[in-house]
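Report on the following structure.
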Amino acid sequence: MKRLVVVGNGMAGMACLEQILKYAPQFEVTVFGDETHVNYNRIMLSSVLAGEKAADDIVLNSIEWYQRHHIDLRVGIRIVDVDADAKTVTGSDGSVTPYDTLLLATGSSAWMPRIDGLDKDGVFAFRTLEDTRALIERSGPGVKAVVIGGGLLGLEAARGLQVQGCDVTVVHLMPTLMERQLDPDGGYYLLGKMEEMGISVLLGRTTTAILGNGHVEGVALSDDTCMEADVVVVAAGIRPNIDLAIKAGVFVQRGIVVNDFMETSHPDIFAVGECVEHRGICYGLVAPLYEQGKVLAATITGNRGATYEGTVQAAKLKIMGVDVFSAGDWSEQHAEPVRFEDRALGIYKKLTVRDGKLVGAILVGDVSDSHRYMEWLRSSADISGQRRHLLFPPPAADGGLDVAQMADGETVCGCLGVTKGTIITAIHERGVNTMSQLKECTRASTSCGSCTSLCQGLLRAVAPEFEDERKTVICGCLPFAEDKLRDILRSQQLRSVQDVLEIYGNGVGCEICKPALSYMLDMLWCGDHDEDRSARFINDRVHANIQKDGTFSVIPRIRGGVTSADELRRIADVADKYNVPMVKITGSQRIDLLGIKKADLPSVWADLGMPSGQAYTKGVRMVKTCVGTDFCRFGTQDSTTAGVEMERRFEQLFTPHKVKMGAVGCPRNCAEATVKDIGLIGVEGGWQVVVGGAAGKSVRKADLLATVETTEQALEASELFFQYYRENANYLERTYDFVERLGIEKVRKETVYAAEATRAALLDRLKKSKARARDAWQEGIEPKTPAQFIPLIPIDTPVGSGLSRTSAEISA
Amino acid sequence: MNTNWIRIAPTSQIPPREGRAVLIGDREIALFNLGPSTAAGNQFLATDNQCPHQGGPLCDGIVTGTSVVCPLHAWKVNLETGQVERPTHGKDHCVATYPTRVEDGIVLIELPSAAARAGEAA
């Protein structure tokens with residue numbers, strides 16, 4: 001076996017290694033990486049900074065992958081020297097490693113322009129996970145951040161910092177943004193979008209100095225102005241890392257020069273990725289390095305033949321809500337421009353056509369056609385027959401047609417060069433049915449992810465047992481699955497609905513996402529959030545259930561269905577005093593007073609002298625009980641006391657959907673505990689705790705969570721499940737859907753059978769929430785907002801005849 | 001045209017993105033505060049309080065942008081035009097809107113004069 005040493009544990013090196021491993025084994029592989037992580041998806045760092053992804057989410061090759069392929073991975077070691085004669089590399093730790101074949105995948109580093117004070121504390125590059133982590137740590141609400149560089153990376157960094165709460169200013173040397181990818185018009189549209197997001201942009205200016213005593217306090221600009229700054233990010237460009245190649249005596253220019261077979265000037269030394277220069281071009285994007293890796297893998301394994309002939313450069317800006325795509329040569333010299341723009345919509349599209357072929361494309365504001373253009377660019381297809389549909393495709397007969405119309409050889413995943421044919425083969429021959437299986441099997445959509453919907457379309461059309469793994473997005477205002485959203489809210493420390501909508505959503509929200517967010521924030525921060533009543537349904541603004549005529553129903557809490565003559569008398573008095581049109585015994589062992597006017601709610605509550613029964617909200621409703629051992633001759637457990645105690649422990653809390661409970665003293669189940677969200681069933685010598693039952697829109701028998709001996713244990717098992725449901729269910733997901741979705745085994749494993757620390761943490765968070773919870777009806781005495789319950793009476797009375805007469809005239 | 005501007009209440013009486021019913025004579029008007037983030041247009045808007053569907057109290061709805069969603073059956077009404085946006089968009093169903101303005105921290109609503117109203121009714 002020959003010894004292959006790979007210098008660089010990044011995307012290019014590992015993608016190439018993956019390709020090499022596809023050939024017959026002939027190398028003992030050692031990989032050196034100067035970062036302390038396994039290989040991760042560098043282009044997703046901006047998503048990590050923006051809190052959309054966690055560091056773990058962007059890992060490309062897990063430690064198991066290295067082990068499985070017997071790769072000797074040495075992280076945290078920088079290779080500082082190469083001896084091409086002795087065929088050894090020397091590490092920063094002093095180690096000397098011999099090689100037969102050396103692969104340089106050293107990538108590039110941030111180019112630091114000449115600015116005084118770059119060594120000050122608070123100045124960062126934005127290239128590595130470490131940079132990203134440090135930036136997250138330093139940023140936060142009120143922190144002033146200056147990003148030097150208005151290119152792809154700079155803008156993504158700016159948005160990420162803004163999401164972290166910073167006030168961000170981008171300083172850019174050129175007169176327009178992203179001038180390498182966009183023409184001035186495109187840059188102008190992009191500028192509008194960045195400013196709309198609240199990011200300030202200063203164009204045509206350079207930073208001359210970083211100011212501050214030891215740490216950053218501001219920056220000085222070329223127009224002789226200064227601005228305050230706490231953090232400075234330098235994203236002014238990248239420079240290929242070629243020092244080692246120079247030491248090895250390999251021919252370099254701007255990068256390490258390679259030919260079409262990906263060979264350098266030295267027979268044992270190869271190079272791939274951002275550090276190479278091919279036909280005069282150093283690539284800084286992801287697609288070329290995969291294509292290079294494929295060719296290099298053939299050459300290095302002795303299968304020389306495939307050639308790399310350059311890549312059509314394409315770039316997408318990864319900022320949620322700012323769609324920018326650029327590909328090919330979009331200059332208008334020797335090409336016909338085809339344009340569309342709409343300032344109100346913020347859409348700008350330009351294509352360049354030469355000899356009936358597409359040679360370049362710029363899209364801002366709408367990138368839905370980027371895939372079509374990429375394919376035309378790659379295949380150099382003759383598009384003269386489609387001139388009328390260049391900017392807007394002819395309407396498809398049905399949604400699936402796009403995928404169906406693609407040829408087998410057409411590329412679906414541009415980053416990794418996976419074709420439609422490859423995916424279909426994987427589906428048929430390897431039993432692929434889900435998106436994650438497809439990723440695992442073909443690597444499609446594992447890089448930038450922009451082909452995900454195409455891949456899913458293919459799966460849907462071809463896979464016999466396609467399973468859609470996409471989690472529910474609450475609504476169009478906020479394009480995240482709920483579990484993702486909870487992570488974001490937690491990691492970004494967001495506490496108000498409006499902040500979430502403004503940073504991650506459309507800034508407006510709707511009647512679907514606002515109550516959902518209100519719930520999540522209340523749950524996540526255990527009640528210590530910024531309660532915004534405007535984001536709540538009317539029931540939760542006035543703590544009563546709105547009826548078809550705009551009046552409300554009032555149900556006081558009667559724990560366990562146990563009341564007293566006193567309470568009943570007060571209820572009867574209220575019914576008289578307010579002429580309540582209907583007094584009704586509910587199915588939940590409670591009493592409902594229907595037809596109460598909003599303005600009367602505070603005094604009705606005061607007269608009742610009972611707490612809110614929460615019958616109007618997604619929260620804890622009640623515990624229905626039977627009479628248990630106290631009176632019943634069959635009872636084996638004191639279900640009444642247990643039920644009343646259970647209701648006390650959970651009452652006043654909010655839940656993803658309503659929670660109705662029951663406690664019965666024996667398996668005769670008189671209070672129907674087996675069809676409740678949580679049920680306690682007394683048996684000889686203990687309790688069964690059951691969860692996920694339903695007897696409403698759905699009927700479902702509850703699953704057994706645990707069998708325990710004491711009432712306290714039964715209550716604790718209930719508490720564990722209750723808090724677990726609060727934290728993990730989607731909004732408006734009843735326990736019966738939740739338990740069904742997760743499976744009772746998983747629920748048990750993560751509640752009653754979870755590790756001691758996990759259980760303690762669940763109970764602790766429940767306790768915190770409970771400590772902050774209040775009886776909502778106290779707002780009758782101390783209203784939360786002005787005129788919470790009463791209509792406004794105008795300061796002026798209408799002039800002249802008065803409106804009441806006017807109305808009378810109309811009705812007459 | 002002869003019009004009536006009526007002072008209703010201090011702006012602070014209507015929290016951002018909420019509505020309140022205003023009783024003027026025997027007419028109920030819903031007065032909304034769209035919140036400070038509304039870039040263009042008026043921050044306070046007024047319409048009749050009854051949803052054109054089944055008369056639900058619009059002031060109790062959730063405000064979304066410049067529309068409100070009726071709490072009874074989720075009909076969505078545009079507060080600037082008074083037109084229903086959901087379930088069907090169109091002029092068949094709409095609510096009356098009233099001009100508003102803010103003066104010295106007080107919200108005012110303009111009601112058509114009796115004469116103008118009589119003209120409409122005829």
Side-chain angles (χ1 to χ4, degrees), chain A residues 196 475 477 497-498 501-502 506-515 518 532-542 544-552 598-599 783-812, chain B residues 2-10 12-29 31 33 35 37-39 49-51 54-57 59-74 76 106-109 111-115 117-118 120-121:
Chain A
E196 231 167 65
C475 67
C477 305
V497 172
Q498 209 54 30
L501 288 169
E502 270 159 28
N506 63 358
V508 173
C510 70
E511 81 283 5
I512 296 165
C513 59
K514 285 189 186 188
S518 298
D532 175 2
R533 285 293 159 79
S534 77
R536 298 271 192 190
F537 187 59
I538 185 64
N539 287 8
D540 282 309
R541 295 184 192 171
V542 299
N545 199 351
I546 194 164
Q547 306 294 312
K548 62 182 283 190
D549 59 354
T551 65
F552 292 84
K598 193 206 272 180
K784 168 91 179 164
T785 55
Q788 186 174 357
F789 303 102
I790 47 169
L792 299 172
I793 307 297
I795 300 169
D796 295 340
T797 41
V799 183
S801 57
L803 196 72
S804 49
R805 239 186 65 198
T806 317
S807 303
E809 280 166 16
I810 293 167
S811 54
Chain B
N2 187 15
T3 57
N4 302 325
W5 279 99
I6 299 172
R7 288 188 297 162
I8 304 297
S12 59
Q13 291 278 298
I14 311 147
R17 300 175 300 277
E18 286 194 37
R20 289 290 182 267
V22 185
L23 291 175
I24 305 178
D26 58 3
R27 167 156 291 232
E28 240 185 85
I29 289 176
L31 178 57
N33 176 355
S37 61
T38 322
N49 195 24
Q50 285 81 29
C51 178
Q54 292 188 7
C59 69
D60 287 342
I62 288 180
V63 171
T64 161
T66 55
S67 303
V68 69
V69 178
C70 176
L72 293 193
H73 308 96
K76 192 171 171 185
I106 307 280
V107 192
L108 290 88
I109 295 182
L111 293 177
S113 68
R117 292 217 145 223
E120 269 171 34

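Chain naming here is simple, since letters A, B, ... match the order of the sequence lines and numbering starts at 1 in each. Atoms considered below: every heavy atom in the structure, side chains included; atoms not considered: hydrogens, waters and symmetry mates.
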Contacts of A:Glu511 that satisfy side chain to side chain donor-acceptor pair (under 3.5 Å) - sequence neighbours left out: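 So A:Glu511 forms a side chain to side chain donor-acceptor pair (under 3.5 Å) with B:Arg86.
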Rounded to the nearest 0.5 Å, what's the gap from [atom1] on [X] to [atom2] on [Y]? Could you check?
X        : Y        : atom1 : atom2 : value
B:Gln54  : A:Lys548 : CD    : NZ    : 6.5 Å
B:Gln13  : A:Ile793 : CD    : CD1   : 11.0 Å
A:Leu792 : B:Leu23  : CG    : CG    : 8.5 Å

Region of [X] that comes under 4.5 Å of a non-hydrogen atom in chain A:
X        : result
B:Leu72  : side chain
B:Ile109 : neither
B:Ile14  : side chain
B:Pro15  : side chain

Would you check if [X] and [Y] make a side-chain contact, meaning some heavy-atom pair closer than 4.5 Å?
X        : Y        : result
B:Asn49  : A:Pro791 : no
A:Ile546 : B:Pro57  : yes
A:Val508 : B:Arg17  : no

Between A:Arg536 and chain B, which part of the residue has a heavy atom less than 4.5 Å away: side chain, backbone, both or neither? backbone
